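For clarity, every value in this text was computed on a predicted model and none was experimentally measured.
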Amino acid sequence: MRKVVLITGASSGVGLALCRRLLEEDDELHLCLACRNMSKAEAVRAALLASHPAAEVTTVQVDVSSLQSVFQASKELKQRFQRLDCVYLNAGIMPNPQLNLKALFCGLFSRKVIHIFSTAEGLLTQHDKITADGLQEVFETNVFGHFILIQELESLLLHDDSPSQLIWTSSRNAMKSNFSLEDIQHSKGQEPYSSSKYAIDLLSVALNRNFNQQFRFFANAFTLTPYNGTEALVWLFHQKPESLNPLVKYLSATTGFGNNYVVSKKMDLDEDTAEKFYQNLLELEKHIRVTFQNTDNQS
């Protein structure tokens, strides 16, 4: 039986590179490309099948910045599949960054100058906006839309025989200092991307704790080119979920000679904060579902 792998944001960047590399590893996979732009998704599907004719490649339309789209895609996926073996939560956005000149000047004379310029922490700020769902766009796209997706797909992920893997693309810019439980959407801050990626790290820990062996979550960060950035993603695909530490982030890295490798890094978080954040998302989910139900009843 073919393994079924769902990848969000599969039509470009890391998502597209991941599709190619996974088929190089196993050309009998069933890849389901979950994309916002269906014309691009179909073009990618055709190209993948041309180079790997033994594979099965399908598409589903989903825009994780729209909860209506997420609910519709989830419904379609539950009609098509009995289980999902691996889900890559890869789609995401980062608003066009603007250079913080004050932070740049201060950073030049700081003890943390190497850290600041290697991570860009504090140097780049972004302006977020509100979606049609009334949520911060970066939070909904990078975190909440995917959270609702996996909640909706629970029946395809929970299996006694072998746990499904959920692998979420995080970032080296996931900074604890940019996240607050009092402002989980980062509506009052200027670094929504960093906040959303730290939220992903928290959520991966909380979901592992709450679902235990039923499915496993791992966070990944990437570097340099999209191909290089898939190194940890592909490596995780081959690992036994129970052998990996849910408190560790697995990073794609590249040597100066262009050789790719995987490194592990303990995440800068505590499990109590992770659990509180998870409970906050569950409360937000309840509110959203009530809102959608009321809208459906009115229509």
K.L.:
How far apart are the closest heavy atoms of Leu48 and Cys19, and which atoms are they?
P.N.:
CD1-CB, 3.9 Å
K.L.:
Between Gln279 and Glu275, does a side-chain hydrogen bond (donor to acceptor under 3.5 Å, both in side chains) hold up when you go through it step by step?
P.N.:
CA-CA 6 Å; Gln279 295 302 323; Glu275 184 63 27; 2.9 Å; yes
K.L.:
Answer yes or no: is there a side-chain heavy-atom contact under 4.5 Å between Phe139 and Leu284?
P.N.:
yes
K.L.:
Do other residues, nucleotides or ligands put more than 12 heavy atoms under 6.0 Å from Lys3 NZ?
P.N.:
no
K.L.:
For Tyr250 versus Asn245, what's the shortest heavy-atom pair and its separation?
P.N.:
OH-N, 3.1 Å
K.L.:
Among Ile, Leu, Val, Met, Phe, Trp and Tyr joined by side-chain contacts under 4.5 Å, find the other residues sharing a cluster with Ile93 and list them by chain and number.
P.N.:
Val138
K.L.:
If you compare all heavy atoms of Ile184 against all heavy atoms of Ser195, which two are closest, and at what distance to 0.1 Å?
P.N.:
O-OG, 4.4 Å
K.L.:
Name the one of Lys176, Arg172, Lys249 that satisfies salt bridge (Lys or Arg N to Asp or Glu O under 4.0 Å) with Asp201?
P.N.:
Lys249
K.L.:
Nearest heavy-atom pair of Ala34 and Leu6: which atoms, and what distance?
P.N.:
CB-CD1, 3.9 Å
K.L.:
Just wondering, do Asn37 and Ser39 contact through their side chains at under 4.5 Å, heavy atoms?
P.N.:
yes
K.L.:
Using the salt bridge (charged side-chain N to carboxylate O under 4.0 Å, His left out) rule, take Glu24 and Arg20 through it: C-alpha gap first, then chi angles, then the decisive distance, then the call.
P.N.:
CA-CA 6 Å; Glu24 288 172 3; Arg20 290 169 174 161; over 6 Å; no
K.L.:
Only counting residues at least two apart or in another chain, list the ones meeting ring-ring contact (aromatic ring centres under 6.0 Å, His included) with Phe277.
P.N.:
Phe179
K.L.:
Taking His186 for the side chain and Ser196 for the main chain, is one N or O donor matched with an acceptor at less than 3.5 Å?
P.N.:
no
K.L.:
Counting heavy atoms not belonging to His287, are there more than 12 under 6.0 Å from its NE2?
P.N.:
no
K.L.:
Flag the pair Val205 / Pro246 as yes when at least one side-chain heavy-atom distance between them is below 4.5 Å, and no otherwise.
P.N.:
no
K.L.:
Same cluster or not: are Tyr227 and Val234 linked, directly or through other Ile, Leu, Val, Met, Phe, Trp or Tyr residues, by side-chain heavy atoms under 4.5 angstrom apart?
P.N.:
no
K.L.:
Taking all heavy atoms of Asn228 and all of Ser252, pick out the closest pair and write down the distance.
P.N.:
O-CB, 3.5 Å
K.L.:
Can you tell if the side chain of Cys35 reaches within under 4.5 Å of the side chain of Lys40, non-hydrogen atoms only?
P.N.:
no
K.L.:
Does a side-chain N-to-carboxylate-O contact under 4.0 Å join Glu152 and Lys75?
P.N.:
no
K.L.:
Would the distance check show the side chain of Ser243 and the main-chain N or O of Lys240 forming a donor-acceptor pair, the cut-off being under 3.5 Å?
P.N.:
yes
K.L.:
Closer than 3.5 angstrom, by distance alone: can the side chain of Ser65 be matched with the main-chain N or O of Glu137 as a donor-acceptor pair?
P.N.:
no
K.L.:
If you take all heavy atoms of Ala206 and Ala274, which pair is closest and at what distance?
P.N.:
CB-O, 3.4 Å
K.L.:
Per the ring pair (Phe, Tyr, Trp, His ring centres under 6.0 Å) rule, what does the pair list look like for residues 15-34, sequence neighbours excluded?
P.N.:
His30-Phe81
K.L.:
Quick one: do Arg21 and Glu25 make a salt bridge, cutoff under 4.0 Å?
P.N.:
no
K.L.:
Any side-chain heavy atom of Ser170 sitting closer than 4.5 Å to one from Met267?
P.N.:
no
K.L.:
Counting only N and O atoms by type, is there a donor-acceptor contact under 3.5 Å from the side chain of Asn90 to the main-chain atoms of Gly9?
P.N.:
yes
K.L.:
Mind checking whether Phe144 and Phe292 sit in one hydrophobic cluster, side chains of I, L, V, M, F, W, Y counted as touching below 4.5 Å?
P.N.:
yes
K.L.:
Counting only N and O atoms by type, is there a donor-acceptor contact under 3.5 Å from the side chain of Asp133 to the main-chain atoms of Leu135?
P.N.:
no
K.L.:
Using modelled atom types only, decide if a donor and an acceptor are shared between the side chain of Ser194 and the backbone of Met175 within a distance under 3.5 Å.
P.N.:
yes
K.L.:
Treat each ILVMFWY residue as a node, draw an edge where side-chain heavy atoms are under 4.5 Å apart, and state whether Leu158 and Leu89 are in one component.
P.N.:
yes
K.L.:
Taking the side chain from Glu76 and the backbone from Val60, do they hold a donor-acceptor pair closer than 3.5 Å?
P.N.:
no
K.L.:
Quick one: does any side-chain atom of His146 pair with a main-chain N or O of Val64 as donor and acceptor, under 3.5 Å?
P.N.:
no
K.L.:
Backbone N or O of Val5 within a donor-acceptor pair of the Asp85 side chain at under 3.5 Å?
P.N.:
no
K.L.:
Looking at Asp128, Asn142, Asp183, Thr141, which one forms a side-chain hydrogen bond (donor to acceptor under 3.5 Å, both in side chains) with Gln136?
P.N.:
Asp128
